[in-house]
A.B. asks: 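What follows is a structure written as structure tokens; I'll ask about it next.
Just so it is clear, the structure is predicted and the values come from calculations on it, not from any experiment.
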Amino acid sequence: MLLAIDVGNTNSVIALFKGDEPAAQWRSSTSTVRTADEYAVWLSQLMEFHGYKLSDISSCIISTVVPQSLFHLRNLSRRYFDCEPFVIGHDNIPGVEVRIAKPSEAGADRLVNAVGAYTAHGGPLVVVDSGTATNFDIVADDGAFEGGVIAPGINLSMQALHEAAARLPRIAIEKPPKVIGTDTVGAMQTGVFWGYIGLIEGLVARIKSEYGKPMRVVATGGIASLFEGQTDAIDIFDHDLTIRGLLEISKRLKDAS
């Protein structure tokens with residue numbers, strides 16, 4: 001079985017595959033101090049619910065934007081799965097050309113998303129990934145990664161607003177009943193929610209205009225569902241994009257070996 005690990009700045013997703021079929025998937029808070037042994041205890045208990053055990057895992061693939069977590073995850077794979085994990089880098093994904101000025105600066109999450117999106121939806125695409133940051137990534141018609149836009153994520157903006165303004169409370173992110181807020185919480189909710197809709201619509205329009213070719217827009221990420229049905233700028237919502245990208249990369253590696 002394959003264990004696919006996607007480590008984001010806020011949350012991590014771990015998926016188990018039996019061949020090409022998903023067997024289980026879990027989400028946890030990202031930790032830089034959780035040891036290999038702690039990961040193993042946590043993972044073995046979750047796998048047991050689905051009728052699997054750690055010894056069923058024969059390969060492991062890791063995408064991380066948090067370098068401090070990699071040491072423990074490598075040890076997890078070596079010690080408990082008896083295999084060397086494949087760690088996503090800018091220069092080791094079969095079939096993906098990174099067409100930016102400094103390829104080494106391309107985040108693993110953005111490259112994996114490009115693979116997952118292209119595999120499922122073709123290209124060219126704009127992939128909108130709503131997480132700690134909101135990424136707008138460009139995938140060419142041949143699957144190459146061509147750069148994009150990085151903006152602050154919606155939760156990050158909410159946190160900054162609360163911490164920088166003494167009288168503004170910490171609030172939940174949800175769609176407000178109307179655009180014009182009549183109290184502080186309502187005004188903040190509409191500013192964040194519809195402000196991010198405006199960000200998405202505005203940047204997607206500018207990207208399409210500059211790119212000069214028809215493009216479809218795919219949304220993914222932990223809070224992408226918040227915007228589902230709220231804007232025509234997004235054509236497809238695909239919540240398993242990153243994990244699908246890791247599976248596809250694993251398949252390409254096997255085919256190339």
A.B. asks: Do E146 and V139 have side chains that get closer than 4.5 Å, going by heavy atoms?
C.D. replies: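 No, side chains not in contact.
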A.B. asks: For the pair Y80 and S44, evaluate side-chain hydrogen bond (donor to acceptor under 3.5 Å, both in side chains) and give the outcome as yes or no after the intermediate values.
C.D. replies: CA-CA 10 Å; Y80 289 95; S44 63; over 6 Å; no
A.B. asks: Using every non-hydrogen atom in the two residues, find where V96 and G143 come nearest and quote the distance to one decimal.
C.D. replies: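 For V96 and G143, the tightest heavy-atom pair comes out as CG1-O, 4.2 Å.
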A.B. asks: Please step through side chain to side chain contact (heavy atoms under 4.5 Å, CB included) for the pair V127 and F136, ending with a clear verdict.
C.D. replies: CA-CA 6 Å; V127 179; F136 298 76; over 6 Å; no
A.B. asks: From the options D20, D238, D6, select the one residue that forms a salt bridge (Lys or Arg N to Asp or Glu O under 4.0 Å) with R244.
C.D. replies: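 With R244 as partner, salt bridge (Lys or Arg N to Asp or Glu O under 4.0 Å) holds for just one option, D238.
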A.B. asks: Decide yes or no for V87 and L70: does some side-chain heavy atom of the first lie under 4.5 Å from some side-chain heavy atom of the second?
C.D. replies: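 Result yes, sub-4.5 Å side-chain heavy-atom pair found.
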A.B. asks: Say whether, by atom type as modelled, one donor and one acceptor occur between the side chain of S77 and the main chain of C83 under 3.5 angstrom.
C.D. replies: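 Yes, S77 side chain to C83 backbone: donor-acceptor pair under 3.5 Å.
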A.B. asks: Quick one: does D91's side chain have a donor or acceptor within less than 3.5 Å of a partner on P103's backbone?
C.D. replies: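 No, the answer is negative, given that no donor and acceptor are paired below the 3.5 Å cut-off.
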A.B. asks: If you take all heavy atoms of G221 and H239, which pair is closest and at what distance?
C.D. replies: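 Where G221 meets H239 most closely, the heavy atoms are O-ND1, 4.4 Å.
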A.B. asks: Do L203 and F193 belong to the same hydrophobic cluster, where Ile, Leu, Val, Met, Phe, Trp and Tyr are linked whenever their side-chain heavy atoms lie under 4.5 Å apart, directly or via other members?
C.D. replies: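 Cluster IDs for L203 and F193 match.
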A.B. asks: Check R216 with D235, please: is the shortest side-chain N to carboxylate O separation under 4.0 Å?
C.D. replies: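 A salt bridge is absent here (no side-chain N lies under 4.0 Å from a carboxylate O).
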A.B. asks: List the steps and the verdict of side chain to side chain contact (heavy atoms under 4.5 Å, CB included) for I62 and I88.
C.D. replies: CA-CA 6 Å; I62 301 171; I88 299 295; over 6 Å; no
A.B. asks: Test of understanding: clusters of I, L, V, M, F, W, Y form through side-chain heavy atoms closer than 4.5 Å, transitively. Do V13 and L247 belong to the same one?
C.D. replies: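 Same cluster: V13 reaches L247 through Ile, Leu, Val, Met, Phe, Trp or Tyr contacts under 4.5 Å.
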A.B. asks: Can you list every ring-ring contact (aromatic ring centres under 6.0 Å, His included) pair that touches residues 37-65, not counting sequence neighbours?
C.D. replies: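 Qualifying pairs: W26-H50.
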A.B. asks: Checking side-chain polar atoms at under 3.5 Å, does T30 have a donor or acceptor matched by the opposite partner on S12?
C.D. replies: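 Side chains of T30 and S12: pair found under 3.5 Å.
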A.B. asks: Are S58 and F81 close enough that some pair of their side-chain heavy atoms sits under 4.5 Å apart?
C.D. replies: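 No; the side chains remain at least 4.5 Å from each other.
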A.B. asks: Side chains of L246 and I243: closer than 4.5 Å at any heavy-atom pair?
C.D. replies: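 They are in side-chain contact.
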A.B. asks: Could you walk me through whether Y118 and E248 pass the side-chain hydrogen bond (donor to acceptor under 3.5 Å, both in side chains) test, one step at a time?
C.D. replies: CA-CA 10 Å; Y118 184 74; E248 173 62 22; over 6 Å; no
A.B. asks: Counting C-beta onward and ignoring hydrogens, is there a side-chain heavy-atom pair between V128 and T134 closer than 4.5 Å?
C.D. replies: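 Yes - at least one pair of side-chain heavy atoms lies under 4.5 Å apart.
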A.B. asks: Let's go through T32 and S69 carefully: what are the C-alpha distance in whole Å and the side-chain angles of both, what is the deciding distance for side-chain hydrogen bond (donor to acceptor under 3.5 Å, both in side chains) to 0.1 Å, and is it a yes or a no?
C.D. replies: CA-CA 5 Å; T32 59; S69 69; over 6 Å; no
A.B. asks: Would you name the heavy atoms of R79 and A36 that are closest together and state the gap between them?
C.D. replies: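 The pair with the smallest heavy-atom distance is NH1-CB, 4.0 Å.
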A.B. asks: Among L73, L43, V7, exactly one meets side-chain contact (heavy atoms from CB on, under 4.5 Å) together with I14. Which residue is that?
C.D. replies: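 For I14, the side-chain contact (heavy atoms from CB on, under 4.5 Å) test succeeds with only one of L73, L43, V7, which is L43.
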A.B. asks: Determine yes or no for a side-chain-to-main-chain donor-acceptor pair under 3.5 angstrom, with D142 supplying the side chain and A144 the backbone.
C.D. replies: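 Flag set: sc D142 to bb A144 pair under 3.5 Å.
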A.B. asks: Go through it in stages, so that I can follow the logic: the residues are D129 and T220, the test is side-chain hydrogen bond (donor to acceptor under 3.5 Å, both in side chains), and I'd like the CA-CA distance, side-chain angles, deciding distance and then a yes or no.
C.D. replies: CA-CA 5 Å; D129 184 0; T220 192; 5.3 Å; no
A.B. asks: Can you confirm whether L2 sits close enough to L16 that some side-chain heavy atom of one is under 4.5 Å from a side-chain heavy atom of the other?
C.D. replies: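 L2 vs L16: side chains apart.
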A.B. asks: Check the pair E48 / K53 against side chain to side chain contact (heavy atoms under 4.5 Å, CB included), numbers first and verdict last.
C.D. replies: CA-CA 6 Å; E48 188 176 345; K53 50 187 182 296; over 6 Å; no
A.B. asks: Using side-chain heavy atoms (C-beta onward) and a distance below 4.5 Å, is L226 in contact with I154?
C.D. replies: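 They are in contact (side-chain heavy atoms under 4.5 Å apart), so the answer is yes.
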A.B. asks: Does S157 use its side chain to pair, donor to acceptor, with the backbone of G153 at less than 3.5 Å?
C.D. replies: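 The answer is yes, because a donor-acceptor pair under 3.5 Å joins these two groups.
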A.B. asks: Could you name each residue pair satisfying side chain to side chain donor-acceptor pair (under 3.5 Å) that touches residues 178-194, not counting sequence neighbours?
C.D. replies: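 Checked against side chain to side chain donor-acceptor pair (under 3.5 Å) - neighbours excluded - no pair reaches residues 178-194.
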A.B. asks: Are E84 and R74 close enough that some pair of their side-chain heavy atoms sits under 4.5 Å apart?
C.D. replies: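 Yes; the side chains approach each other to less than 4.5 Å.
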A.B. asks: Looking only at heavy atoms, which two atoms of H72 and T35 are closest? And how far apart?
C.D. replies: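 Where H72 meets T35 most closely, the heavy atoms are ND1-CA, 3.7 Å.
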A.B. asks: Apply side chain to side chain contact (heavy atoms under 4.5 Å, CB included) to residues V126 and V218 and explain how you reach the verdict.
C.D. replies: CA-CA 6 Å; V126 182; V218 181; over 6 Å; no
